[in-house]
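Data block below; observations after.
Given the structure is predicted, the values throughout are model-derived calculations rather than measurements. All residue numbers in this chain count up from 1 along the given sequence.
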Amino acid sequence: MPRERRVATPWKFMAATAILWGSAFPAIRVGLEGYSPTAIAVLRLAFALLFLVPCLLTGRISRLRRGDALRMAGFGVTGMTAYQLLLYAGERHVEGGTAAMLVATSPVFATALGMLVLRERPGAWGIAGLLVALGGALVVATAGGEGGGSRSGMAMIVAAAAAQATSFILQKPLLRRYSGMDCIFYGSLFGLLPLLVFAPQAAGQALAAGWQQSAAVVWLGLACTVLAFCTWSRVLNAAPASTSSLVLYAVPVAALALDAVLLGAVPAPTACLGGLIVLAGVGVAAVRRAPRPPAPSEPVARGGPVSREEAARHEETGVRSPSSV
């Protein structure tokens, strides 16, 4: 019987994903110097769609079924529209590194919503992680006025994390029929529709903004959305969910480092402590994982073995969506 070839852990793609997602937070801060939150949201989604058009034309994006349109629209409005508007508005008053630590509570909100909506049972580890991470978020909130940012800004970012978690719950059933790229394209499309009323304002601000602010917005659309999806897909295809989740814990670290190097912003010690507690809580909750996907030799309901791509698709439902930041 031939020995199965082991796939090396894709550390370089994991590092690239963490850096790309982490870079979104200082990029947002730079973009806000020349754009409003609504303008950044419009332009980021527009650029992401523009970069994905070749994939649509070459057939790499699946056709959206009519029965899935409402759920996909909900995913786009919560994960693309509400999440971005709340995050950008909050980052007007909160440093990028602190914002990243607060956004890290999103998987915990997803755990709570999974219990209520999907009737999932996270077990003792999941509940303990939820409580620890929320406690860490409260510690971060106490850093307001010490270099962390205003409490109202932090509240908006926590609301953004809750909106993102809601999008995870809506997206989870879709990942059984659509790839991550499909979800990014259609989610961006539906997320952009309610923002089109701000398109003239965004165009006017693009003409008046400096090149640094415009470059930051383009970076958000190209690197933090499309390119990060490509590296994240490599991770999902080559690593199990438990290993892939390490990327999620590294994003706030990358955001803190980039915020300090690029913008000279260092969060207060209290905020750093709270961020570590948040990550510890998410790590505890990660002990409770989605069921192990079938091995390549195991049959499934429709018959036949499970391919590598299908196994990766099942694993993807146990970790964060590629529309994370």
Side-chain angles (χ1 to χ4, degrees), residues 17 45 48-49 51-83 106-107 109-111 113-121 163-194 225-226 228-242 244-245 247-248 289-324:
T17 304
L45 293 176
L49 287 170
F51 295 130
L52 287 172
V53 164
C55 297
L56 178 67
L57 297 178
T58 56
R60 295 182 61 189
I61 294 178
S62 304
R63 183 177 179 180
L64 181 63
R65 303 175 186 176
R66 182 178 299 179
D68 294 326
L70 184 59
R71 181 177 288 273
M72 189 69 81
F75 161 67
V77 171
T78 55
M80 303 294 183
T81 309
Y83 169 74
S106 184
F109 282 112
T111 299
L113 288 171
M115 295 169 58
L116 296 174
V117 178
L118 302 180
R119 305 300 183 187
E120 293 179 342
R121 297 181 179 181
Q164 187 184 63
T166 303
S167 75
F168 294 165
I169 299 302
L170 292 170
Q171 185 190 23
K172 188 172 182 178
L174 295 171
L175 287 170
R176 300 171 189 157
R177 298 181 291 278
Y178 301 96
S179 68
M181 182 180 291
D182 297 336
C183 291
I184 287 291
F185 178 80
Y186 290 114
S188 297
L189 181 61
F190 282 113
L192 180 60
L193 290 179
T225 305
V226 179
F229 157 77
C230 295
T231 58
W232 177 240
S233 296
R234 292 289 191 97
V235 174
L236 289 176
N237 286 332
S242 58
S244 302
S245 65
V247 173
L248 313 184
R289 277 295 167 196
R292 178 183 64 85
S297 61
E298 293 179 2
V300 292
R302 66 176 182 271
V306 177
S307 66
R308 178 182 179 79
E309 291 76 19
E310 289 174 310
R313 179 78 59 81
H314 281 287
E315 283 187 329
E316 188 176 357
T317 62
V319 293
R320 200 178 194 172
S321 161
S323 57
S324 59

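Ile184 contributes atom CD1, which lies 9.5 Å from atom CE of Met181 (distance to the nearest 0.5 angstrom). Rounding to the nearest 0.5 angstrom, the gap separating the CE atom in Met72 from the CD atom in Gln171 is 7.5 Å. Taken from OG1 in Thr81 to CG in Leu45, the straight-line distance is 6.5 Å, to the nearest 0.5 Å.
Contact detail for Gly191 and Met80: the closest heavy-atom pair is CA-CB, 4.0 Å. Contact record, Thr225 with Ala48: CG2-CB, 3.9 Å, taken as the closest heavy-atom pair. Residues Cys183 and Leu174 approach most closely at SG-CB, 4.5 Å, considering heavy atoms.
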TODO: Evaluate the criterion side-chain hydrogen bond (donor to acceptor under 3.5 Å, both in side chains) for residue pair Thr78 and Ser167; output intermediate values, then yes/no.
DONE: CA-CA 5 Å; Thr78 55; Ser167 75; 4.5 Å; no
When the side chains of residues 57-70 are checked against the rest of the protein, which donor-acceptor pairs come out under 3.5 Å, sequence neighbours left out?
from: Thr58; atom 1: OG1; to: Pro54; atom 2: O; distance (Å): 2.8
from: Thr58; atom 1: OG1; to: Cys55; atom 2: O; distance (Å): 3.2
from: Ser62; atom 1: OG; to: Asp182; atom 2: OD2; distance (Å): 3.1
from: Asp68; atom 1: OD1; to: Arg177; atom 2: NH2; distance (Å): 3.0
from: Asp68; atom 1: OD2; to: Arg177; atom 2: NE; distance (Å): 3.2
from: Asp68; atom 1: OD2; to: Tyr178; atom 2: OH; distance (Å): 2.7

